[in-house]
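In what follows, a structure is listed as C-alpha cells, so that the remarks can point back to it.
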There are 2 protein chains.
Amino acid sequence: MLVSVDCIILGFQDKEINVLIVKRKFNPLKGGRSLMGGFVRKDESLNEAVARVVAGYTGVENVYMEQVGAYGEVNRDPGGRVVSVVYYALIDMHQFDEQLKDRHNTEWVNVKNVGPLILDHRQFLDDALRHLRIQSATHPVGFNLLPEQFTLPQLQSLYEAIYAHELDKRNFRKKVLDMGVLEKLDKKDKSSSKRGAFYYKFNKEKYDYMVKNGVDISFI
Amino acid sequence: MLVSVDCIILGFQDKEINVLIVKRKFNPLKGGRSLMGGFVRKDESLNEAVARVVAGYTGVENVYMEQVGAYGEVNRDPGGRVVSVVYYALIDMHQFDEQLKDRHNTEWVNVKNVGPLILDHRQFLDDALRHLRIQSATHPVGFNLLPEQFTLPQLQSLYEAIYAHELDKRNFRKKVLDMGVLEKLDKKDKSSSKRGAFYYKFNKEKYDYMVKNGVDISFI
DNA sequence: TTATTTAAGTGTATATATGACACTTCTGTG
DNA sequence: CACAGAAGTGTCATATATACACTTAAATAA
C-alpha cells in the first residue's frame, strides 16, 4: 500500500489567508488544481516527508505543521490504493521563495475563493481550515503566519481571517494584551497609517512557562 | 509500506473508564501488553479496518469511532516500516461479548492503572484520551459509553472519569438539563440507591436539530 | 409502624467573563 | 496649520460559571 502526504500550505497577506495551489502541467490529472503532495519514502517519517515537500515548494525550512488526519477510502485515488496523511503548514509569506512559483507552477489563492481541486483535496482543505480554527482558539499557532514582529491591527486581521468574522478592536486588544505573552517593541510600522502601529512580538518562553504552570490561555 | 490501524477500545463501568488490552500469547512481543490492531487490507478503508478489528475483539458492530492520528516514525515498529493510524472506539460495555475475552486473551483495565504497553502504544493511548477529553467537552460522544438509558448520577460520574476531577452535582444537572437534549423517562434505576434515580435518554434528533440551527452546545 | 439510612434531587447568591459601544491621539500630507 | 486616517483607549451591562447545604424518596431495620 502506498502512503502519501498532502500539505495544505497556508500564508497570510493583505488580511487574507492564502493557500498554495499547484496547477498540474503533467498527467495524471493534467490541468487540475491540487495540493502539494508526495509519497512517503521508506527512510523518512511522515513529518520528514511533509518538511521535504513544503521546503521543495516554498523554500521554507523548519516549518510549523499540524496533522489533520489520515484518509483511506479504497477508491479515493483512481490511480491506485493510496492512504494519504494530510497536514497543514503555516508559513510567513515573506519567507516564501518566489522563484519556486514558476518552477512548480504554483499560485497563492485566497482560501475564500479556492475553486475546485482534484480528488478529495477540497475535503482536505476544509478539514484543515476547521482544524486551524479550533487550534488557534486555544493555541498560539497563528503567530506562525506572521513575521516575528507584527502589529496588533495585523494580529487582529489575522484572527478575523481565520474565523471569517470581525472582532471588536478594544475587546481584542484587551484580551491579547491581558494574556501577557506579547512584548511591545519600541518601533512602529508606518506602512498602513501615518501614526504607525507599535510592533509586538510573541514571547514563547513566557507562554510555555504559563502553560507549564497551568494558567489556561485562550486566544479569542 | 504497510499501513495498520490500532484501536483504543474504551468502556465505562463502575465510575471508571476502561481500556481493552491484549496480553500477547505469541511472538512478536510475546508477553507484552498491546492495543488491538491489524493491517489494513487492500479492499477496505481505514474505517472498515477499525470496525473489523473492534468487532473481532468485542462482538460490537457499528461502533462509534474517532481517528486520533497517523503515526509514521521510521523505526516505530522494529518489525518493519509500518504507518499506524490510531482510532479510539467507544462502546457500551454491556454489549461486550465476554466469550471473546478468553479467546483473544484480553482484559479491561482502568485507564488510570494501565501498565507499560508495547511499542508506542502508550503514546497512542495518552493521545486518544486527550482527544476524547477535548471531543467530549463540545460533542455528545460520552453517550456512546453508556447504555441507551442512563441516570444523571451515571452521566455525571462518566464526565468525572473522563476529566479526572469531580463536578458539582447541582451545576452539572442544571447544565445538562438546560441543554434540552435529555429526555426524562418514567422509570427509575434502583441499583445504587433506595430512592432510585430516573432514567434519561439522549435525544439525538433534537441535538442535531439544534446544531443545524447554530445553537452552540458545550458539554461541561 | 416507625425510625434510620443513603443516595437523589433541588435554588440562590456571587464572581468572572463576555460583549457592546465612541471618542481621542498621533503624525504625515496638502 | 488644518485635514485625513488609522491607532489607541475604558466603562457598563449582560451572560456565564462557580460555590454552597438542605430536603425528599424509599428500602430496610428496629
Side-chain angles (χ1 to χ4, degrees), chain A residues 13-16 133 136-138 146-147 149-161 163-201 210 214-220, chain B residues 14-16 133 136-138 146-147 149-201 210 214-220:
Chain A
Q13 203 163 59
D14 298 332
K15 309 195 171 190
E16 299 292 349
R133 277 191 287 270
S136 24
T138 48
L146 294 172
Q149 304 186 0
F150 52 85
T151 67
L152 293 188
Q154 266 183 292
L155 186 65
Q156 180 175 348
S157 59
L158 169 63
Y159 278 99
E160 289 176 337
Y163 295 114
H165 64 77
E166 302 204 337
L167 299 168
D168 178 88
K169 195 183 3 170
R170 281 171 290 191
N171 294 338
F172 177 80
R173 296 171 73 98
K174 196 185 335 159
K175 181 140 194 179
V176 296
L177 292 175
D178 285 357
M179 286 177 13
V181 295
L182 295 187
E183 233 170 77
K184 188 175 181 175
L185 306 181
D186 253 344
K187 216 173 86 185
K188 283 185 167 185
D189 165 35
K190 301 214 166 172
S191 66
S192 65
S193 78
K194 293 158 185 169
R195 180 179 182 173
F198 279 103
Y199 278 114
Y200 285 78
K201 60 181 196 184
M210 289 170 75
V215 185
D216 63 297
I217 290 193
S218 97
F219 295 78
I220 317 309
Chain B
D14 297 332
K15 307 192 173 193
E16 301 290 349
R133 276 191 288 270
S136 23
T138 48
L146 294 172
Q149 305 187 0
F150 52 85
T151 67
L152 292 186
Q154 266 183 292
L155 186 65
Q156 180 174 348
S157 59
L158 170 64
Y159 278 99
E160 289 176 336
I162 292 175
Y163 295 113
H165 64 77
E166 303 203 337
L167 298 168
D168 179 88
K169 196 186 357 173
R170 280 171 291 189
N171 293 340
F172 177 82
R173 297 170 73 98
K174 197 184 336 159
K175 181 140 194 180
V176 297
L177 292 176
D178 285 357
M179 286 177 12
V181 294
L182 295 188
E183 232 171 78
K184 188 175 182 176
L185 306 181
D186 253 344
K187 212 172 91 183
K188 282 184 168 187
D189 165 35
K190 300 214 167 173
S191 66
S192 65
S193 78
K194 292 159 187 168
R195 180 180 182 173
F198 279 104
Y199 278 114
Y200 286 77
K201 62 181 195 183
M210 289 170 76
V215 185
D216 62 297
I217 289 194
S218 98
F219 295 77
I220 318 307

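Side-chain atoms are counted along with the backbone in the values below, which use heavy atoms only and exclude waters and symmetry mates. Lettering of chains follows the sequences in order, A, B, ..., and the numbering in each one begins at 1.
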Base, sugar-phosphate or nothing for A:Lys190? Non-hydrogen atoms, less than 4.0 Å.
sugar-phosphate

From CD1 (A:Ile220) to CG (A:Asn171), nearest 0.5 Å:
10.5 Å

Does A:Lys188 have any side chain to side chain contact (heavy atoms under 4.5 Å, CB included) partners at least two apart in sequence or in another chain, and if so, which?
A:Lys190, A:Arg195, A:Phe198

Can you pull every protein N or O that's under 3.5 Å from an N or O on nucleotides 3-5 of chain D?
residue: D:dA4; atom: N3; partner: A:Lys194; partner atom: NZ; Å: 3.4

So the contacted stretch of DNA chain C, first to last nucleotide with an atom under 4.0 Å from a non-hydrogen atom of chain A, runs from C:dT18 to C:dG28

To the nearest Å, how far apart are A:Asn171 CG and D:dA15 P?
16 Å

Out of curiosity, A:Glu166 CD to A:Phe172 CZ, how far, rounded to the nearest 0.5 Å?
13.0 Å

Rounded to whole angstroms, how far apart are NZ on B:Lys188 and C1' on D:dT24?
9 Å

Derivation of the side-chain contact (heavy atoms from CB on, under 4.5 Å) call for A:Leu152 and A:Leu182:
CA-CA 10 Å; A:Leu152 293 188; A:Leu182 295 187; 3.8 Å; yes

Hey, what do you get for CG (B:Asp168) to NZ (B:Lys174), rounding to the nearest 0.5 Å?
8.0 Å

Which residues pass the side chain to side chain contact (heavy atoms under 4.5 Å, CB included) test with A:Lys169, sequence neighbours left out?
A:Gln156, A:Arg173

Is there a donor and acceptor pair, one atom on the side chain of B:Arg170 and one on the base of D:dA21, closer than 3.5 Å?
yes

Could you list the residues that satisfy side-chain hydrogen bond (donor to acceptor under 3.5 Å, both in side chains) with B:Glu183, not counting sequence neighbours?
B:Asn203

Across all chains, not counting sequence neighbours, the side chain to side chain contact (heavy atoms under 4.5 Å, CB included) partners of A:Lys15 are A:Ser157

Taking five pairs at each terminus, the helix from C:dT1-D:dA30 to C:dG30-D:dC1 shows an axis bend, to 10°, of 10°

For B:Leu167 and B:Glu160, which heavy atoms make the closest approach, and how far apart are they?
N-OE2, 2.8 Å

For the backbone of A:Leu177 and the side chain of A:Tyr200, can you confirm whether one donor and one acceptor N or O come within less than 3.5 Å of each other?
no

Please work out whether the ring planes of A:Phe219 and A:Tyr159 are parallel, tilted or perpendicular, with thresholds of 30° and 60°.
parallel

Using whole Å, report how far CG of A:Leu152 lies from C1' of D:dG8.
9 Å

Do side-chain atoms of B:Asp189 reach the backbone of B:Ser191 as a donor and acceptor pair under 3.5 angstrom?
yes

A:Gln149 meets the side-chain hydrogen bond (donor to acceptor under 3.5 Å, both in side chains) criterion, sequence neighbours left out, with A:Lys187

For DNA chain D, find the residues of residues 172-182 of chain A with a heavy-atom distance under 4.0 Å and give them by number; none if there aren't any.
A:Arg173, A:Lys174

Rounded interatomic separation in angstrom, taking CD from A:Gln154 and C1' from D:dG8:
16 Å

